[in-house]
Amino acid sequence: MPEGHTLHRLAHDLTDAFAGRPVRVGSPQGRFDAEARQLDGQVLDGAQAWGKQLFLEFPGERYIHIHLGLIGKLQLTPYDDQPPPPIGQVRLRLVGESTVADLRGATACDLWTREQVDAGIAKLGPDPLRPPDAGGDPLKAWARIGRSQRSIASLLMDQTVLAGVGNVYRAELLFRHRVDPYRRGDALTRKQWLAMWDDLVALMHDGVAKNRIDTVRVEHTPEAMDRDPRVDDHGGEVYVYRRTGQPCHVCGAVVRTAELEGRNLFWCPRCQRASRSRATK
DNA sequence: CAGTCATGCGCAG
DNA sequence: TGCGCCTGACTGC
């Protein structure tokens, strides 16, 4: 679930459901209790995402900073009469007029000052889901990528290079641009990078709108190819992500996987032919 | 029904 | 480099 599109979608949905009115803030699990008490009953000003970081803004320049990590979820549930009782380890619960939001399993849920938010954002690279003049400048990422000997696969997942891309968008972006995951950053051209960025902007906006990651072009959809749709918990239609051992939708070669920096990498060895300058990490 | 693994990342060692 | 976070879908017995 949580790549950048998930957090931006949550920011939008939270603003819709809670902003501009008093919100009950609690921590049924207890771990965020002291902080929740300080915010309980205050008006939520709004929610914003930057990469995979989510910020809920309260009066007095106080922000709830949330990072879902790998297994975290922020679940919004509409209710009519009474909010349903919390289930499991709910670290943060927001209750609005007709919506309840429950946070479980997150890596981070802290109360931050404006200075902490600014410092946190300053560490992040540009976010494809932000406007070019407000944090979405692809040249800031290129300044790092274009002179790096590290692999493009490693660079794409480095949130200080660009913010919001996770393992699915990484694999799919590299496939769509026929780039070997191990190609060195400095072996890409500026033009190639800008084309990848533009594609990422479109893919991730589509992800926000649909709340899932679909990356196959129209000619490679299940309907167009007369094949079965994807059925696992990921759900989206993709070219290579978690398709190890299956035939590439484009060329039929067997999709490969390898571990890189503790994460699985997926690619088609034929469509994404290895370049001469391959990085080792 | 126990075990595995996952769209992430900070920190201990 | 490996663990913690501590959810939840899927797998194999």
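All figures in this text were calculated on a predicted structure; none of them were measured in a lab. Naming: A, B, ... by sequence-line order, numbering from 1 per chain.
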With sugar-phosphate meaning primed atoms plus P, OP1 and OP2, does E261(A) contact a base, only sugar-phosphate, or nothing at under 4.0 Å between heavy atoms? nothing
Which nucleotide wins on minimum distance to the side chain of T107(A), given the candidates dT7(B), dG8(B), dC6(C)? dG8(B)
Could you please name the option among dG8(C), dC9(B), dT7(B) that lies closest to any side-chain atom of Y241(A)? dT7(B)
Testing K123(A), Q159(A), H65(A) one by one against Q53(A) for a side chain to side chain donor-acceptor pair (under 3.5 Å), which residue passes? H65(A)
Among dC6(C), dT7(B), dG8(B), the nucleotide that comes nearest once only the side chain of M157(A) is considered: dG8(B)
Counting C-beta onward and ignoring hydrogens, is there a side-chain heavy-atom pair between T99(A) and L14(A) closer than 4.5 Å? no
Mind checking the P distance from dC5(C) to dG13(B)? Whole angstroms is fine. 14 Å
Separation of dC5(C) atom P from K52(A) atom NZ, nearest Å, is 21 Å
Under 4.0 Å between any heavy atoms, over every strand shown, what does R263(A) touch: base, sugar-phosphate, or nothing? Just pick one. base
Base, sugar-phosphate alone, or nothing: which one does R212(A) contact when heavy atoms must sit under 4.0 Å apart? nothing
Run the side-chain contact (heavy atoms from CB on, under 4.5 Å) test on V250(A) and C268(A) for me, step by step, so that the C-alpha distance in whole Å, both residues' side-chain angles and the decisive distance to 0.1 Å come before the verdict. CA-CA 9 Å; V250(A) 173; C268(A) 169; over 6 Å; no
Check the distance between dT7(B)'s P and L10(A)'s CG and give it to me in whole angstrom. 19 Å
Under 4.0 Å from OP1 or OP2 of dA6(B): is there any side-chain N or O of N264(A) that close? yes
For atom CZ of R37(A), decide whether the heavy atoms of other residues, nucleotides or ligands shown that lie under 6.0 angstrom number more than 12. no
Less than 4.0 angstrom between a side-chain N/O of K73(A) and OP1 or OP2 of dT7(C), yes or no? no
Mind calculating the distance between CG (L156(A)) and P (dC9(B)) to the nearest angstrom? 13 Å
Distance between the C1' atoms of dG8(C) and dG10(B), in whole angstroms? 23 Å
I want to check one thing: is the phosphate of dG8(B), taken as OP1 and OP2, less than 4.0 Å away from some side-chain N or O of Q53(A)? no
Side-chain N,O (Q159(A)) to OP1/OP2 (dC9(B)) below 4.0 Å: yes
Spacing of K210(A) atom NZ relative to dT7(B) atom P, expressed in whole Å: 21 Å
dC5(B) and dC3(C), which share atom name C1', separated by this distance in whole Å: 16 Å
When the P atoms of dC1(B) and dC6(C) are compared, how many Å lie between them, rounded to an integer? 25 Å
Return the orientation label for the F55(A) and W112(A) ring planes: parallel under 30°, perpendicular over 60°, tilted otherwise. tilted
Electrostatic pair D186(A)-R147(A), nearest N-O below 4.0 angstrom: no
Expressed in angstrom and rounded to an integer, what is the separation of K123(A) atom NZ from dG8(B) atom P? 19 Å
Any idea which of dA6(B), dC9(B), dG8(C) is nearest the L70(A) side chain? dA6(B)
With the side chain of R91(A) defined as its heavy atoms from C-beta on, choose the nearest nucleotide among dC6(C), dT7(C), dT7(B). dC6(C)
CG of L7(A) versus P of dC9(B): gap in Å, rounded? 10 Å
Heavy atoms only, 4.0 Å cut-off, all strands: where does G69(A) land among base, sugar-phosphate and nothing? base
For the student: nearest non-hydrogen atoms of C248(A) and C271(A), plus distance: SG-SG, 3.8 Å
For the residue pair Y239(A) and F175(A), does the interplanar ring angle fall in the parallel (under 30°), tilted (30 to 60°) or perpendicular (over 60°) class? parallel
Atom pair distance, as rounded to whole Å: CZ in R242(A) and P in dT4(B): 17 Å
Atom NE2 of H65(A) to atom P of dC9(B): distance rounded to whole Å? 10 Å
Please report the C-alpha distance between T221(A) and E237(A) in whole Å, then the side-chain angles of each, then the deciding distance to 0.1 Å, and finally whether the side chain to side chain donor-acceptor pair (under 3.5 Å) criterion is met. CA-CA 7 Å; T221(A) 58; E237(A) 284 298 332; over 6 Å; no
Output the pairing pattern of DNA chain B as a dot-bracket string, 5' first, Watson-Crick or G-U wobble with both distances under 3.5 Å, | for cross-strand pairs, [ ] for crossing pairs. ||||||.|||||.
